[in-house]
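Note that the coordinates shown come from a computational prediction; the quantities given were computed from them, not determined experimentally. Atom set for the values below is all heavy atoms of this structure, side chains included, hydrogens, waters and symmetry mates excluded.
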Amino acid sequence: MLKQKKTKQTPEFFYLPAKEEEVMKVLWDSKEPLSASEIAKKIPDRTWPASSIQGLLRSLQNKGAIEIDCITKLGKSYGRLFRPALSANEYITMQFNRYYQPEEDGKKSCSFMVSSILGNTGIGKEDIIDVLQGIIKEYEDDTL
């Protein structure tokens with residue numbers, strides 16, 4: 001197995017069309033790097049041909065969303081195994097930062113952002129309070 005040099009280059013912004021997002025979800029859910037055919041097999045209810053996976057992987061690699069983990073023997077030939085170059089949370093943060101414009105009053109802006117996100121989750125009020133108290137405790141512990 002030939003390992004590829006790993007370089008972390010997270011671009012400032014990119015968008016994932018639906019098919020690319022499906023590929024990324026498979027990679028984000030996997031603990032191990034996957035081949036193109038493994039990725040295609042793991043996409044539930046895929047309506048597009050498995051042969052188009054190579055184009056999607058090339059596009060994701062050009063965007064900096066995935067990396068080649070290694071080149072290994074796959075059956076009778078050699079093939080590449082892919083892994084995500086950024087986590088799902090990093091991608092979500094990238095999308096959020098594209099649209100989020102903080103106001104001059106940082107507290108007001110932060111308050112609006114948190115309440116908007118939490119208000120659209122469907123989580124009960126008591127659970128939200130528990131989560132926020134846990135976050136506050138983590139921040140307090142980190143600053144001591």
Side-chain angles (χ1 to χ4, degrees), residues 1-139 142:
M1 182 178 339
L2 177 64
K3 283 285 191 181
Q4 295 290 307
K5 182 179 176 185
K6 296 175 185 164
T7 57
K8 183 75 169 176
Q9 296 177 355
T10 305
E12 187 175 319
F13 176 79
F14 60 80
Y15 170 74
L16 295 175
K19 290 178 186 177
E20 290 180 3
E21 191 172 296
E22 289 180 73
V23 170
M24 289 303 297
K25 284 179 184 177
V26 168
L27 289 168
W28 285 326
D29 289 345
S30 177
K31 294 184 187 333
E32 300 295 323
L34 300 171
S35 69
S37 60
E38 290 172 322
I39 294 167
K41 287 177 190 172
K42 290 181 179 256
I43 295 175
D45 305 320
R46 180 175 39 83
T47 58
W48 40 274
S51 60
S52 62
I53 192 80
Q54 293 297 336
L56 294 170
L57 291 170
R58 201 169 18 264
S59 175
L60 288 167
Q61 194 173 6
N62 289 339
K63 290 177 180 180
I66 64 171
E67 298 174 335
I68 297 171
D69 183 74
C70 64
I71 298 173
T72 189
K73 190 148 178 128
L74 299 171
K76 294 181 180 182
S77 61
Y78 286 87
R80 301 170 296 170
L81 298 183
F82 299 91
R83 65 179 177 83
L86 77 163
S87 70
N89 287 342
E90 288 170 325
Y91 177 69
I92 291 167
T93 302
M94 177 191 295
Q95 301 307 304
F96 176 78
N97 286 336
R98 180 168 183 225
Y99 297 104
Y100 176 65
Q101 300 295 321
E103 298 172 11
E104 286 185 31
D105 179 359
K107 285 183 182 179
K108 180 180 177 186
S109 182
C110 183
S111 172
F112 175 74
M113 172 188 65
V114 170
S115 64
S116 293
I117 292 169
L118 293 175
N120 291 310
T121 61
I123 299 172
K125 190 175 185 177
E126 294 78 21
D127 291 332
I128 290 173
I129 291 169
D130 288 345
V131 167
L132 291 173
Q133 287 174 337
I135 292 170
I136 291 167
K137 178 154 180 34
E138 282 181 37
Y139 274 98
D142 284 346

Given Glu67, which of Gln61, Arg80, Arg83 fulfils the side chain to side chain donor-acceptor pair (under 3.5 Å) condition? Arg83

Nearest heavy-atom approach of Ala50 to Ala40 is CB-CB, 4.0 Å

CD of Gln133 to CG of Asp130: how many Å apart, nearest 0.5 Å? 6.0 Å

What pair of heavy atoms forms the shortest contact from Ser35 to Leu81, and how long is it? N-CD2, 3.5 Å

Without placing hydrogens or testing angles, list every side-chain donor-acceptor pair under 3.5 Å for residues 13-28, not counting sequence neighbours.
{"from": "Glu20", "atom 1": "OE1", "to": "Lys63", "atom 2": "NZ", "distance (Å)": "2.5"}
{"from": "Glu20", "atom 1": "OE2", "to": "Ser59", "atom 2": "OG", "distance (Å)": "2.5"}
{"from": "Trp28", "atom 1": "NE1", "to": "Leu86", "atom 2": "O", "distance (Å)": "2.8"}

Can you sort out the partners of Thr93 under side chain to side chain contact (heavy atoms under 4.5 Å, CB included), two or more places apart, ordered by chain and number? Asn97

Listed once per pair and sorted, the salt bridge (Lys or Arg N to Asp or Glu O under 4.0 Å) pairs that draw on residues 40-61, sequence neighbours left out: none

So how far is it from Leu132 CG to Asp127 CG, rounded to the nearest 0.5 Å? 11.0 Å

Could you please spell out the steps behind the side-chain contact (heavy atoms from CB on, under 4.5 Å) verdict for Glu32 and Glu38? CA-CA 11 Å; Glu32 300 295 323; Glu38 290 172 322; over 6 Å; no

Roughly how far apart are Ile71 CD1 and Leu74 CG, rounded to 0.5 Å? 10.5 Å

Within a strict 4.5 Å, meaning less than it, do heavy atoms of the Phe82 and Leu60 side chains meet? no

With a 4.5 Å limit on heavy-atom distance, are the side chains of Ile129 and Glu126 in contact? no

